[in-house]
Each structure stands twice: as structure tokens, then as C-alpha cells.
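Here is the structure we will look at.
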Amino acid sequence: MGRPNEAVEALLQEFADLLAITNGEPYKIRAYENAARTVAGYPVDVSGLDLRGLREIPNVGKSIAEKIIEYFATGHVAALDQLREEIPAGVRELVTIPTLGPRKAMILYSQLGIASVDQLEDAIHSGLLEEQHGFGPKTAANLLHGIELLARSSGRVLLDEAMAVAEEVTRALSAHPACLTCAYAGSLRRMRETVGDVDLLAASTDSGPVMEALTHLPLVGEVIAHGPTKTSVRTTTGLQVDLRVVTPQSWGAALQYFTGSKEHNIRVREIAVRKGLKLSEYGLFRIDDDALVVSETEEAVYAKLDLAWIPPTLREDRGEIEAARTGRLPDLVTIADIRGDLHTHTDLTDGTASLTDMLAAASARGFHYYAVTDHAKSLPMQRMTDEKMLAQRDRLRMLADTTDLELLHGTELNIDPDGEVDWDGDFLAGFDIRVASIHSRFGQPRKAMTRRLVRACENPYVNVIGHPTTRKLNQRPPVNADFDAVFEAAAATGTAMEINSCPDRLDLPDDLILRARQHGVKFAIDTDAHAVAHLDNLRYGVGTAQRGWLSADEVINAWPLDRLREFIAAKVARLAPVGAGARRARQGRH
DNA sequence: GCCGTTTTCGGCCCGACTGTTTTCAGTCG
């Protein structure tokens with residue numbers, strides 16, 4: 001189980017889901033959903049709050065606060081237990097089938113007694129479903145199709161896969177003569193860590209041919225919906241792509257609308273309503289006479305609502321609207337700010353490219369400096385030795401004259417279960433920079449895992465904690481640790497937290513970045529490249545950093561090299577035991 | 001159920017597509 005806030009989030013979300021199935025009031029359902037989201041993102045541990053403290057959380061009123069109190073006092077919420085009794089778990093599972101929402105799920109359960117996906121499948125095959133009022137043959141076929149999709153897909157795909165599809169389709173549609181502009185929107189534009197479907201937007205005065213062009217692209221496996229303003233297809237790999245075509249005049253309003261998030265848009269629309277305006281994908285209109293106010297650019301739409309333009313990566317209703325209103329939006333770190341990569345590999349360990357190939361690729365990217373950080377000796381499979389590491393260092397020093405990059409010799413250390421790393425201080429001191437990461441024993445109990453990470457931070461020579469949660473998206477959960485304690489140690493010792501750009505890692509995740517920066521932690525946005533192509537993943541790490549509201553000043557590899565070296569030296573100076581040499585030198589002065 | 005620089009009551013975002021219910025409900029984003 002995660003932190004108490006996440007437990008409460010799950011609780012409130014389940015409550016909302018069950019209310020929806022039992023025909024609860026729509027606004028009550030939304031109230032629980034809103035509360036679930038705010039509690040999850042609330043920086044204070046809710047288990048330590050009293051009724052008064054809980055009610056200070058936005059969207060948490062008397063009723064929800066009391067349920068949270070009840071949960072921490074007894075481990076249960078009576079009202080939730082009652083709903084659970086009414087609705088079997090299988091019925092909640094039904095609403096995960098595409099095209100099957102809470103209303104139909106409730107009809108299936110109350111009229112036909114269907115309480116699981118399997119039972120639904122049986123009911124369709126036996127013809128029972130079609131006897132039910134409102135369920136025709138097409139509905140039955142859609143449900144079967146949905147069940148099949150559910151069975152073979154894990155749902156959301158990684159950013160790089162979605163990006164590849166989006167870029168291929170936008171490139172193809174942009175080349176179409178009827179298409180004036182084409183761009184991707186949705187969670188992909190917001191750089192969420194995974195993407196459910198790809199939302200595309202095109203501007204055209206003649207939508208038909210553009211829609212038609214999409215349905216005929218080679219990567220399209222099936223056409224799901226095909227109307228005059230919206231077309232949905234599924235790629236041969238199972239990813240859904242939605243295309244909306246709007247007039248060029250509506251471009252800004254449409255881009256704003258389809259970028260989301262849904263929660264962000266609800267807030268923006270509420271602001272519009274309070275100003276006597278109505279915002280839709282077609283523009284911002286006056287409510288009284290339907291007159292168009294603005295629509296051509298996102299900037300103009302936000303400006304008319306007295307808001308600064310909000311970067312898509314911030315549009316999650318996590319305080320960005322208030323910040324836009326008061327001129328306090330962060331100056332977000334960008335790819336152009338990144339001066340060097342601090343975590344990369346070569347074929348000396350498990351990389352696939354040679355040192356010279358990696359350096360050439362890094363130089364071509366325009367980096368100022370570049371750290372080579374092959375695995376240290378404790379991972380047996382890497383066959384690293386002191387001699388090989390020192391030989392690599394010599395080679396790197398010799399290559400210094402052949403490149404415009406400032407070369408740093410580093411290593412990726414392994415944090416063992418006790419928090420120790422591969423080498424002692426004397427050997428570690430020979431590196432320019434040291435990343436330290438967990439590579440095994442992911443299942444340690446919370447207390448031991450926390451101590452493990454804190455001890456790594458306390459090592460005077462460890463400069464960056466690599467992929468701190470070690471999660472793999474869609475594969476492996478994050479380690480269980482008290483990350484607030486880890487961040488506190490990181491901030492106190494001058495240890496940066498990595499934002500690993502691998503699309504299956506994106507680690508730290510955005511929510512932990514937000515928490516870490518409250519402790520004053522610094523960050524390193526690295527690619528952890530094991531091949532030349534991986535250097536291109538940097539944009540996903542930067543996107544994740546933006547979602548964590550980071551500015552360039554908080555990112556150590558956005559700093560000039562001198563400042564980065566000072567950061568590294570300062571930790572050693574503060575924490576390293578004074579060596580024999582230094583002691584002698586000091587005695588000599590007296 | 002929550003919320004208040006119009007309000008402690010009366011609001012709470014908006015539109016497209018599908019399938020089937022020939023006038024609209026459900027789902028989705």
C-alpha cells in the first residue's frame with residue numbers, strides 16, 4: 001500500500017464508481033472524484049490531519065472529511081462497505097469494457113443478474129442480451145469486441161510508442177492538400193507517462209478528404225467511427241487514434257480543448273462561465289448573444305480569461321490556473337536548457353554502442369558536456385574491474401582533444417541492500433561524477449528500503465540517485481520507501497534525484513518530483529542511454545520534469561559545468577572524512 | 001457533496017457519435 005493519501009484516493013474513487021453504477025447524483029459522483037484527485041496531490045499526509053485540517057483541502061467538505069477520519073480510525077468506511085455489498089466486484093469490472101458505462105452495467109446486473117465479464121460473454125452468446133430492452137445486435141457485437149480488446153491489451157501505451165504513431169500520422173496528414181495544420185493534442189501533448197489513445201487535430205476548410213485520408217493510412221487496422229468532424233481508428237498494433245478536423249478560425253480553441261486535461265478544462269470553463277462566456281472547441285463565446293470572442297490561438301483564449309498561456313505539461317489542475325492568474329507560472333526547463341547528459345553507457349558494459357560513437361552522437365546533439373557512466377564492479381554480469389574502469393578513464397582523457405564536449409568520467413554504482421556502493425572513498429574520488437542506483441532486491445520492506453536510499457544519499461561521493469523508484473511502467477511497481485525521508489536526505493546532503501528519460505521508466509515520476517522539490521531537492525534529467533538512439537529520449541525526461549513544475553535552475557545538468565563541478569565538490573568537502581593527505585597538509589601549516 | 005469578490009441556496013462544462021428508444025440516452029473525451 002502506498003502513502004495514506006493514495007489509499008484515500010483509491011477509497012474515494014471507488015466510492016464515486018459505485019455511486020455511478022447505483023445511479024447516484026451526477027454532481028455527488030463528481031464531488032467524490034474531485035476530492036480523490038485533490039487528496040492524492042495534497043502535499044500533507046492526510047492520516048495526520050483532524051477534521052479541521054482535512055476540510056482545508058480543496059473539494060473536501062464535512063461529509064468526505066468525516067469519512068476520511070472514519071477510515072483512519074477504524075480501517076473502514078461504513079457507507080462504502082454498504083455500497084460494496086450492493087454491487088459485486090464483477091460489476092465494477094464490467095465498466096472497464098469500452099462502450100459499457102455505469103448505466104448499462106447496472107441494467108445488466110439488475111435485470112439479467114450479470115456480475116462478471118465472463119457472464120456477460122455467456123449472455124451475449126446465448127442471445128440473452130438481445131432480449132433486453134435497449135441492447136440490440138450492434139451493442140452485443142461492440143461488447144464482444146471490447147471484451148476481446150480488454151483481454152489482449154494492457155490499456156495504456158508508453159510515450160515513445162504513442163509519439164511514433166502521432167508523428168507518422170501528423171506527417172502524412174500535413175502533406176494532404178486539404179490540411180492546413182495538423183498537430184497532436186491530448187495526454188501525449190501533456191507528456192503523461194502513458195497514453196490511452198492518440199488525439200490529433202487538423203485545420204481545414206474541407207474536412208471530408210482529411211478524414212478520409214486518415215482511414216486509408218497503412219498503419220490503420222480498423223475504423224471505429226467516421227463522422228463529419230470526428231474520425232476514430234485503431235492502428236494495427238491496437239492503439240486508438242482520434243482525429244478532429246476544425247476550421248482554421250477555431251484552431252486555438254480546439255487545440256486548448258483537445259489537449260485537456262479534462263480536469264483542467266473544467267476549471268477553465270468555470271472561469272469562462274463566471275465571466276458570462278462559454279468555451280467550447282469552437283471558440284470562446286458570449287453567453288447572452290452567442291457572439292464569438294476569440295478562437296484562433298490558445299494564447300488569445302487564455303488571455304480573454306485573464307490567464308497567461310499555460311504550458312500543456314502543466315494542465316492537470318494542480319495549481320496551474322491559480323499560477324496563471326497571478327503571474328506565478330514556473331519558467332519550465334526545456335530541452336534547450338540541458339547542457340549535458342550525466343548517465344550514459346557504452347559497450348564496455350551493457351551498452352550497445354562504442355565510446356566514440358556515443359561521444360559523436362552526444363556532440364551532434366549540441367551538448368556542452370557529457371558523462372560516461374558505465375556500470376561498476378558489483379553487478380557480476382557486467383564483468384567490470386578496477387583496471388577496465390581506469391583504462392576507460394585514460395582513453396576518455398585522450399579523446400578530450402578530439403571533441404568539443406567536456407568529457408566527464410563517471411560510473412553508475414550499485415546500491416546494495418544495506419545502502420553501500422561498489423568502491424571505497426579513495427577509488428570513488430577518482431571519478432568526476434557518480435550515479436548510484438538500485439538494481440536488485442526490489443522487494444525490501446519499506447524501512448530497509450528507505451534506509452538503503454538514505455545511506456546512498458549520505459555517501460559523500462554519490463552525486464545522483466539513478467531511477468530512484470526503479471519502477472518499470474506496465475511491468476514492475478515502484479519500490480516501497482518513505483520518499484519524503486529520502487528527499488530530505490537528498491536535499492540535506494546535496495544529492496540530486498534523477499529523472500530518467502527511458503519511456504518505460506520516467507523515474508522519478510511527476511508526482512514524486514512535485515514532492516521532492518518541496519524539500520529543496522535538485523534534479524538531473526538523464527537518458528541512461530545504452531545506445532545512440534536512446535539519447536533522443538531526453539524529451540520524455542524533460543516533459544516529465546515539466547510536469548513536476550521544474551525550472552532550469554533546479555536541474556544540475558542545465559547548469560554550466562563550473563557550477564556542476566562546485567555542486568559535486570561541495571558534497572565531498574562537507575561529508576568526506578578528512579583523508580591522510582589532507583590531515584598532513586593541515587598539520588604542516590601549524 | 002462542495003462551494004461563495006453576484007450566492008449559506010442553487011448552481012455545478014460541453015459537444016460528438018452510436019445505436020436504437022421515431023426524439024433520445026449512454027458513453028466518451
Side-chain angles (χ1 to χ4, degrees), chain A residues 12 15-16 19-21 23-39 54-68 79 94-108 129-130 132-143 145-146 185-188 190 192 195-201 207 211 223-232 240-246 250 253-254 256-285 287 305-306 317 325:
Chain A
L12 296 175
F15 205 97
L19 282 175
I21 293 171
N23 259 327
E25 283 178 59
Y27 292 114
K28 190 167 161 181
I29 296 165
R30 202 160 96 197
Y32 277 98
E33 284 174 341
N34 287 339
R37 203 164 30 81
T38 355
V39 167
L54 287 169
R55 292 196 60 178
E56 280 176 23
I57 304 172
N59 300 318
V60 174
K62 182 164 179 287
S63 175
I64 291 180
E66 283 172 354
K67 288 187 174 68
I68 297 174
L94 289 179
V95 302
T96 61
I97 300 172
T99 75
L100 183 57
R103 309 301 272 262
K104 283 184 180 170
M106 192 53 191
I107 292 171
L108 291 174
L129 191 79
E130 288 188 40
Q132 180 63 41
H133 185 73
F135 290 77
K138 292 210 173 168
T139 301
N142 282 342
L143 290 178
H145 190 51
S187 52
L188 184 58
R190 302 199 313 278
R192 261 193 69 173
V195 173
D197 52 34
V198 173
D199 291 303
L200 299 178
L201 190 63
S207 70
M211 294 291 192
V223 178
I224 303 168
H226 193 22
T229 68
K230 179 188 171 183
T231 294
S232 296
Q240 183 169 329
V241 179
D242 293 340
L243 172 66
R244 307 271 181 153
V245 181
V246 299
S250 300
Q256 195 283 328
Y257 179 86
F258 291 115
T259 295
S261 67
K262 187 179 169 186
E263 292 76 14
H264 173 88
N265 283 355
I266 288 173
R267 290 289 315 280
V268 173
R269 281 164 181 248
E270 284 169 357
I271 290 171
V273 168
R274 270 181 248 128
K275 292 183 184 296
L277 302 169
K278 183 182 70 169
L279 180 62
S280 76
E281 58 263 54
Y282 299 110
L284 188 61
F285 300 90
I287 289 175
L305 300 174
D306 294 325
D317 190 19
R325 185 160 46 208

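All heavy atoms count here, side chains included; hydrogens, waters and symmetry mates do not. Below, chains carry the letters A, B, ... as their sequence lines are ordered, and counting in each starts from 1. Because the structure is predicted, anything quoted here is derived from the model rather than measured.
For dC17(B), one of the phosphate oxygens OP1 or OP2 lies less than 4.0 angstrom from a side-chain nitrogen or oxygen of Thr229(A). Under 4.0 angstrom from either OP1 or OP2 of dC13(B) there lies at least one side-chain N or O belonging to Arg30(A). At the phosphate of dC12(B), neither OP1 nor OP2 sits under 4.0 Å from any side-chain N or O atom of Lys28(A). Close to dC17(B), at under 4.0 Å from its OP1 or OP2, lies no side-chain N or O of Ser232(A). Regarding contacts with the backbone of dG26(B), a side-chain N or O of Arg103(A) is found under 4.0 angstrom from either OP1 or OP2. One finds a side-chain N or O of Tyr282(A) lying less than 4.0 angstrom from the OP1 or OP2 phosphate oxygen of dA16(B).
For dT6(B) and dG10(B), the C1' atoms lie 13 Å apart once the distance is rounded to whole Å. Nucleotides dG26(B) and dT20(B) have their P atoms positioned 14 Å apart, rounded to a whole Å. If you take atom P in dT22(B) and the same atom in dC28(B), they sit 23 Å apart, rounded to whole Å. Atom name C1', nucleotides dT8(B) and dC14(B): the rounded distance is 28 Å, in whole Å. Separating the P atom of dC3(B) from that of dC13(B) is a span of 14 Å, rounded to the nearest Å. For the P atoms, the distance linking dG11(B) with dT7(B) amounts to 14 Å, nearest Å.
When only modelled atom types and interatomic distance are considered, Asp242(A) and Ser232(A) share a side-chain donor-acceptor pair under 3.5 Å. A donor-acceptor pair shorter than 3.5 Å can be found between the side chains of Gln256(A) and Asn265(A).
Atoms NZ (Lys278(A)) and C1' (dC13(B)) sit 11 Å apart, rounded to a whole Å. One interatomic measurement links the two molecules: CZ of Arg274(A) to P of dT7(B), which rounds to 14 Å at whole-angstrom precision. Rounded to an integer number of Å, the gap from CG of Asp242(A) to C1' of dT18(B) is 14 Å. Counting to the nearest Å, the C1' atom of dT7(B) and the CD atom of Glu270(A) are 15 Å from each other. Rounded to whole Å, atom P of dT20(B) lies 10 Å from atom CG of Leu129(A). What separates NE2 of His264(A) from C1' of dC13(B) is a distance of 13 Å, to the nearest Å. Between the P atom of dC2(B) and the CD atom of Glu56(A) lies a distance of 15 Å, rounded to the nearest Å. Look at CD1 on Ile68(A): it is 12 Å from C1' on dG1(B), rounded to the nearest Å.
Evaluation of atom-type donor-acceptor distances gives no pair under 3.5 Å for the side chain of Tyr257(A) against the base of dG15(B).
The shortest distance between side-chain heavy atoms of Lys104(A) and Thr139(A) falls below 4.5 Å. Using a 4.5 Å cut-off on side-chain heavy atoms (C-beta onward), Asp197(A) and Val241(A) make no contact.
Residue contacts shown for Val268(A) are absent, as no nucleic acid heavy atom lies under 4.0 Å away. Gly134(A) comes within 4.0 angstrom of a nucleotide base, judged by non-hydrogen atoms across all strands. Using a 4.0 Å heavy-atom criterion, one finds that Lys230(A) contacts the sugar-phosphate atoms exclusively. Nucleic acid contact for Asn34(A): none, since no nucleic acid atom lies under 4.0 Å from a heavy atom of the residue. Within 4.0 Å of Pro58(A), counting heavy atoms only, lie sugar-phosphate atoms of the nucleic acid but no base atom. Contact annotation for Asp197(A): backbone-only contact, meaning every heavy-atom pair under 4.0 Å involves sugar-phosphate atoms and none involves a base. Heavy atoms of Ile29(A) sit nowhere under 4.0 angstrom from any nucleic acid atom.
Comparing dT27(B), dC13(B), dT20(B) against the side chain of Lys138(A) picks out dT20(B) as the nearest. Listed nucleotides dC2(B), dT18(B), dC13(B) differ in distance to Ile266(A); the shortest reach to its side chain belongs to dC13(B). In this structure, the nucleotide among dG29(B), dC2(B), dG15(B) sitting nearest to the side chain of Asp199(A) is dG29(B). Distance from the side chain of Thr139(A) is smallest to dT20(B) among dC13(B), dG1(B), dT20(B). Of the candidates dA16(B), dG1(B), dC13(B), the closest approach to any side-chain atom of Tyr32(A) belongs to dG1(B). Here dT27(B) is the nucleotide among dG15(B), dT27(B), dC13(B) with the atom lying nearest to any side-chain atom of Lys104(A).
Anti is the classification of dT6(B), since its glycosidic angle lies more than 90° from 0.
Between the Arg190(A) side chain and the Thr259(A) main chain, a donor and an acceptor come within less than 3.5 Å of each other.
A distance of 10.0 Å separates CZ of Arg30(A) from CG of Asn59(A), quoted to the nearest 0.5 Å. Between the CG atom of Leu305(A) and the CG atom of Leu277(A) there is a distance of 6.5 Å, given to the nearest 0.5 Å.
Toward the 5′ end of DNA chain B lies the nearest nucleotide of Asn59(A), the other residue of the pair Lys275(A) and Asn59(A) mapping further downstream.
Searching all strands for a Watson-Crick or G-U wobble partner of dT8(B) with both distances below 3.5 Å returns nothing.
A salt bridge links Lys62(A) with Glu66(A): at least one charged nitrogen is closer than 4.0 Å to a carboxylate oxygen.
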